[in-house]
Structures are given as C-alpha cells and as structure tokens.
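Encoded as structure tokens, the structure appears first; notes follow it.
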Protein chains: 2
Amino acid sequence: MNSFEMFSASALSAWLDQASDAAPHPPNDHLADLQNDAAEALMAHSFLRHCAPGQAVLVEGEPAEFVGLVISGVLKVCRSLADDRQQIVGLLFAGSFFGRAFETVAHFSVEAASEAEIRCIRRRDFEVLLERHPDLQQHMLSIVLDELQAARDWMVLLGCQETLERVACFFALLLQRGEGGSDRVTFPIGRRDIAGYLGTTVETLSRQVQLLSREGVIEILDGKSFRILDPVRLISLSGT
Amino acid sequence: MNSFEMFSASALSAWLDQASDAAPHPPNDHLADLQNDAAEALMAHSFLRHCAPGQAVLVEGEPAEFVGLVISGVLKVCRSLADDRQQIVGLLFAGSFFGRAFETVAHFSVEAASEAEIRCIRRRDFEVLLERHPDLQQHMLSIVLDELQAARDWMVLLGCQETLERVACFFALLLQRGEGGSDRVTFPIGRRDIAGYLGTTVETLSRQVQLLSREGVIEILDGKSFRILDPVRLISLSGT
DNA sequence: CGCGCTATTGAACATGTTCAACGAAGGTGG
DNA sequence: CCACCTTCGTTGAACATGTTCAATAGCGCG
C-alpha cells in the first residue's frame with residue numbers, strides 16, 4: 001500500500017518454492033531451493049559472479065546478455081543523463097530478479113552498489129525456459145506486476161514528497177526489511193547512491209539525517225548504522 | 001529509450017491482432033479486432049462504460065472488481081496523500097490496459113481525466129481467461145514490462161529533471177502520439193492533471209508553457225492547442 | 001447577467017541546490 | 001609505521017528554483 005512494500009515480491013525465488021501456499025516468501029531465499037525441471041535447467045545454465053562496488057552488470061544502450069538474481073549485496077538500476085545527473089530507479093537486494101526477457105538492448109544500467117554476488121543466466125536460455133514453462137511465466141508476471149507497483153509508489157515519493165519524508169521513507173524501508181534487529185538499521189550503500197535513489201543530493205540527505213537525529217527519531221551510531229528510537233514518529237514523518 | 005516511449009505498448013490490443021508479425025501496433029486499435037476464442041470470451045464478458053471527467057473507475061483501497069481497456073479519452077492512475085497532494089503515476093490513452101490480475105484491493109485509483117469510454121471486464125473472468133490462455137499471459141507480461149519501463153522512465157523525469165524539461169517532455173510525448181497533424185498538439189486533459197503528472201503545480205506549469213511560447217518553441221493557439229514551431233529545440237530542452 | 005471553474009500573472013516565501021571548506025577513514029608507498 | 005592522498009561525509013552560506021497565496025482574466029453555462 002505504500003513505498004515500504006516495494007521489494008516485497010521481486011524474487012524469482014518464490015516460483016522455485018513449489019509449495020503452492022500463498023504465504024509471503026522471505027526475501028532471502030534463492031535459487032538453492034530449486035526443486036523441478038525448469039529450476040534445474042535454470043541452475044544448469046547459470047553461473048555465479050562476484051561484483052566489486054561500482055562494477056557494471058548491464059550498461060544502458062549496450063546489448064543485454066544476461067538476466068539474473070541477486071545472491072548478496074545491493075545492486076542499483078539507474079539511468080545517467082547528459083550532464084552527470086543520475087537517477088536510480090530501483091535497488092536490488094538479495095533475492096531480487098534483474099534483467100528483462102526479450103530485451104536485446106539494456107534500457108537501464110545495473111551496477112553493484114556494494115560488494116555483491118549475483119547468479120547470472122544468459123538471457124536467451126532464460127527466454128527458452130520461459131516459453132517452455134507457463135508457470136514460470138506466470139510467476140514472472142507476478143514479479144513484474146509487483147515491481148511496477150513499487151516503481152509507481154516511488155514515483156509518488158519523487159513527485160510529491162519533500163526530502164525529509166523521503167529520508168524517513170528510506171529508513172522505514174530498511175527497518176521493514178529488518179536486518180540487524182528490530183530497532184537497528186544499516187545503510188547497505190553509500191550516501192551518493194541513497195541520494196540518487198531519493199532524488200536529492202548528498203548534502204541535503206546528510207542534513208535531513210542529522211535533523212532526524214536531533215529530533216530524537218533516530219540515533220546515529222557510526223554514520224552507517226542507526227538505532228530507531230521512535231518508529232511511530234518515523235512512519236508518521238514518512239507521510240502515508 | 002526515453003520517456004516519449006512510455007505509452008508505446010500498453011495495449012492488450014496487440015495480442016488480439018493474431019498477425020504474428022513483429023511490426024509495432026498503432027495505439028488506437030482495440031478489442032474490436034478480436035479473432036480467437038479467448039478474445040471472444042473476453043468480449044463476451046466485457047461491457048462498455050462511459051465516464052464523465054473526474055469519475056472514478058477504481059478507488060485506491062477499495063475492492064478492485066474490474067480490469068479493462070480504454071476505448072477513447074484519457075484516464076489517470078493516481079494516488080492521493082493525506083493532505084490533498086495527488087500524484088498521477090500514469091496516463092491511459094486509447095488502447096491502454098488498466099487494472100491488475102489477482103489484485104483484490106486497488107493499490108491506485110483510476111479516474112477519467114476527460115470524457116472517456118472504456119471496456120470493462122470482471123477481474124475474476126479475466127483471471128480465468130489468463131490461466132487458460134498462456135499466450136494471453138505472455139502478452140500481459142510484455143505489456144507490464146513495457147509499463148514498468150515507462151514508469152521508470154518517468155521516475156527519471158521526476159527525480160532529476162527540472163520543470164522546463166518536464167514540460168518539454170510532455171509536449172514531445174503528445175507530439176509523438178501525433179494526433180492532429182505533425183506539428184499540432186492538443187492537451188487532452190486539464191492543467192491540474194498535467195501538473196499532477198509532471199510533479200509540479202498548475203502555476204509553474206503555466207509559467208513554463210508561456211516561457212516556451214516566448215522563446216518561440218511553441219505557439220499557443222487557444223490554451224488547449226499548440227503548434228510546435230521548433231521540434232528540434234523542444235527535444236533538446238526535454239533533456240535526453 | 002452572474003456564477004463557477006480554469007488558467008494566468010505577480011510577489012513573497014520556502015525549500016533544496018551549489019559551491020567551498022573541513023574533518024574522518026582507508027589505502028598506498030616510502 | 002608514518003606521511004600522503006583520495007574518497008566520503010558533514011557543515012555553512014549564497015543562490016536558484018519552485019511553491020504558495022492572492023488577484024485577475026477568460027470561458028461556458030444556467
């Protein structure tokens with residue numbers, strides 16, 4: 001219903017759970033759970049790859065050879081404009097799918113925003129698999145629908161929220177992903193990328209974080225880690 | 001490759017063309033072209049509906065009974081925040097599909113932004129059809145992927161373009177849809193909705209339109225219609 | 001005609017950006 | 001191990017951009 005849900009189902013993993021229950025899937029399960037033909041074929045055609053921060057996986061405008069899954073770390077989906085403005089249109093956490101079937105030329109770049117491990121599948125192989133397995137296709141549809149919703153939620157944030165609200169949203173987002181305890185939050189990526197994602201600058205971001213701290217909403221532990229002192233107020237500040 | 005393409009393939013219509021050629025489909029063909037079982041079933045379960053400007057088709061937070069196709073006119077997909085800020089996350093022109101399979105509660109509102117005609121299908125019926133017809137599913141996947149791309153393109157616009165660029169983009173968008181001659185453009189909806197879409201206010205929008213006119217890029221014919229005097233400059237102003 | 005709605009315009013104001021300076025952390029080579 | 005350098009994050013002050021509020025004009029409609 002709001003931007004906190006944006007990474008909820010961006011995982012091919014869900015399909016790989018053959019369990020037909022409708023329970024939500026944790027974001028961290030991945031290909032290791034495979035159980036059927038298609039999944040095995042997927043694994044067979046895939047390979048693991050390690051990415052250093054800043055390394056490009058797909059480059060906008062260049063041939064798109066791969067699709068894949070994030071195993072660990074964070075990738076960013078972004079577009080760069082003529083001057084060096086850059087907008088990040090999505091963050092990919094562990095379990096997220098990236099790339100697009102039937103797209104020969106990448107429309108957006110995908111880069112590691114931190115140390116990351118990904119499992120790559122040749123796009124062609126993936127397309128063949130997709131055509132052979134209607135249920136995989138159905139799951140892709142569901143994943144992409146969720147991503148569309150997430151993208152639109154983020155459009156709302158970019159289009160009509162002020163920066164304090166955006167920063168609060170980002171904290172709430174991380175808090176909801178809930179790694180590192182129920183009141184702890186750690187920035188998995190640098191300020192530049194966060195700012196890019198929030199549609200603002202590092203300076204403004206820094207000011208708003210300090211503001212949240214002065215207001216007693218968060219406590220700054222080491223510039224990368226925070227304790228959420230007042231979650232209720234945080235949510236309320238995030239607007240909706 | 002840029003935001004002008006955002007409405008390119010948002011049409012279920014494409015599927016209904018049984019022609020297997022890969023040629024792009026004009027945005028205005030629609031259900032009337034149906035030729036097979038599924039399409040007939042779709043038609044059988046659908047009904048036509050006329051909407052006055054401002055009339056709601058789906059309301060965010062309420063049960064989502066329908067999906068459908070826009071026959072004529074323009075609808076807006078939007079979310080409203082607590083104070084009466086409203087962000088429009090998508091515009092639906094003739095040929096566009098709206099609504100989402102398997103979504104019981106609407107995540108966004110869909111409202112007529114002008115006089116409009118739509119063809120509605122009960123969501124349940126559509127879901128059944130979807131499960132029975134893998135090729136329909138494939139087409140839905142392709143439609144949704146295009147919409148995701150469009151949404152992300154618009155995120156770039158909202159996140160790091162200034163308002164003059166956004167307005168130029170909007171003109172370029174209308175120009176590319178090319179209704180009413182190759183150098184004529186008509187706003188199909190009011191200033192309020194355009195501003196909502198561009199993430200700005202009616203006042204700023206008005207100023208930038210007047211600016212484009214003073215600069216000789218466009219000529220204002222009657223406040224709703226314009227002549228594009230300098231398309232090249234317009235594109236350049238739109239930034240990428 | 002007068003009412004309501006939409007669009008335009010001006011001026012004060014708020015918000016966020018830019019530019020510049022600074023301090024802290026981490027890596028490299030002597 | 002230290003000096004050096006680069007990168008990252010923070011902070012301040014001037015500046016630019018867009019918003020808000022208020023007033024006005026144009027248009028369609030009863």
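The figures that follow rest on heavy atoms only: side chains count, while hydrogens, waters and symmetry mates do not. Protein chains get the first letters and strands the later ones, always in sequence-line order, with residue 1 at the start of each.
- Counting only residues at least two apart or in different chains, salt bridge (charged side-chain N to carboxylate O under 4.0 Å, His left out) contacts with residues 63-77 of chain A comprise A:Lys76-A:Glu111, A:Lys76-A:Asp193.
- Atom CZ of A:Arg192 is separated from atom P of D:dT10 by 13 Å (rounded to the nearest Å).
- Summary for the helix from C:dC1-D:dG30 to C:dG30-D:dC1: the axes at its two ends, each from 5 pairs, differ by 30° when rounded to the nearest 10 degrees.
- When the C1' atom of C:dT17 is taken as reference, atom CG of A:Leu198 falls 15 Å away, rounded to whole Å.
- The main-chain N or O of B:Ser238 is found under 3.5 Å from a side-chain atom of B:Gln161 such that the two form a donor-acceptor pair.
- As rounded to whole Å, 8 Å separates atom P of D:dG18 from atom CG of B:Leu164.
- For the pair A:Gln208 CD and C:dT15 P, the interatomic distance rounds to 10 Å; values are reported in whole Å.
- Salt bridge B:Arg152/A:Glu147: present, at least one basic N to carboxylate O contact under 4.0 Å.
- The nearest whole Å value for the distance from the CZ atom in A:Arg85 to the C1' atom in D:dT17 is 13 Å.
- What separates CG of A:Leu211 from P of D:dG9 is a distance of 19 Å, to the nearest Å.
- Contact check, B:Thr200 against D:dT19: a side-chain N or O comes under 4.0 Å of OP1 or OP2.
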Pairs of donor and acceptor atoms involving the side chains of residues 218-225 of chain A, under 3.5 Å and at least two apart or interchain, shall be tabulated with distances.
residue: A:Asp222; atom: OD1; partner: A:Lys224; partner atom: N; Å: 3.1
residue: A:Asp222; atom: OD1; partner: A:Ser225; partner atom: N; Å: 2.7
residue: A:Asp222; atom: OD1; partner: A:Ser225; partner atom: OG; Å: 3.3

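- Remark: A:Arg207 engages A:Glu203 in a side chain to side chain contact (heavy atoms under 4.5 Å, CB included) (not counting sequence neighbours).
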Mind listing the N/O atom pairs, protein and nucleotides 21-30 of chain D, below 3.5 Å?
residue: D:dC21; atom: N4; partner: B:Glu203; partner atom: OE2; Å: 3.3

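- Of the side-chain N and O atoms in A:Thr204, one or more sit less than 4.0 angstrom from OP1 or OP2 of C:dT17.
- Shown here are the side chain to side chain contact (heavy atoms under 4.5 Å, CB included) partners of A:Glu117, two or more places apart in sequence or in another chain: A:Leu48, A:His50, A:Ile71, A:Ser72.
- The distance from atom CD1 of A:Ile189 to atom C1' of D:dG9 is 15 Å, rounded to the nearest whole Å.
- Remark: A:Arg166 pairs with no residue by the salt bridge (Lys or Arg N to Asp or Glu O under 4.0 Å) rule, at least two apart or across chains.
- Among residues at least two apart or in separate chains, ring-ring contact (aromatic ring centres under 6.0 Å, His included) pairs with a member in residues 206-235 of chain A are A:Phe171-A:Phe226, A:Phe187-A:Phe226.
- With distances taken from any side-chain atom of B:Arg191 to the nucleotides C:dA7, D:dT10, C:dG16, the minimum falls on C:dA7.
- A donor-acceptor pair is defined here as one N or O able to donate and one able to accept, closer than 3.5 Å; such a pair exists between the side chain of A:Arg123 and the backbone of A:Glu103.
- Of all the residues in residues 213-226 of chain A, not one reaches under 4.0 Å from DNA chain C with any non-hydrogen atom.
- With sequence neighbours excluded, no residue forms a salt bridge (Lys or Arg N to Asp or Glu O under 4.0 Å) with A:Arg191.
- Applying the side chain to side chain contact (heavy atoms under 4.5 Å, CB included) test to A:Gln55 and every residue at least two apart in sequence or in another chain returns A:Arg49, A:Cys51, A:Ala52.
- Between A:Gln210 and D:dG9 there is no side-chain N or O to OP1 or OP2 distance below 4.0 Å.
- Side-chain N/O atoms of A:Thr163 include one lying less than 4.0 angstrom from OP1 or OP2 on C:dG16.
- Rounded to a whole Å, the CD atom of A:Glu162 is 20 Å from the P atom of D:dT17.
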For residues 208-217 of chain B, run the donor-acceptor check on the side chains, cut-off 3.5 Å, and write out each pair with its distance to 0.1 Å, sequence neighbours left out.
residue: B:Gln208; atom: NE2; partner: B:Thr163; partner atom: OG1; Å: 2.8
residue: B:Glu215; atom: OE1; partner: B:Arg233; partner atom: NH2; Å: 2.9

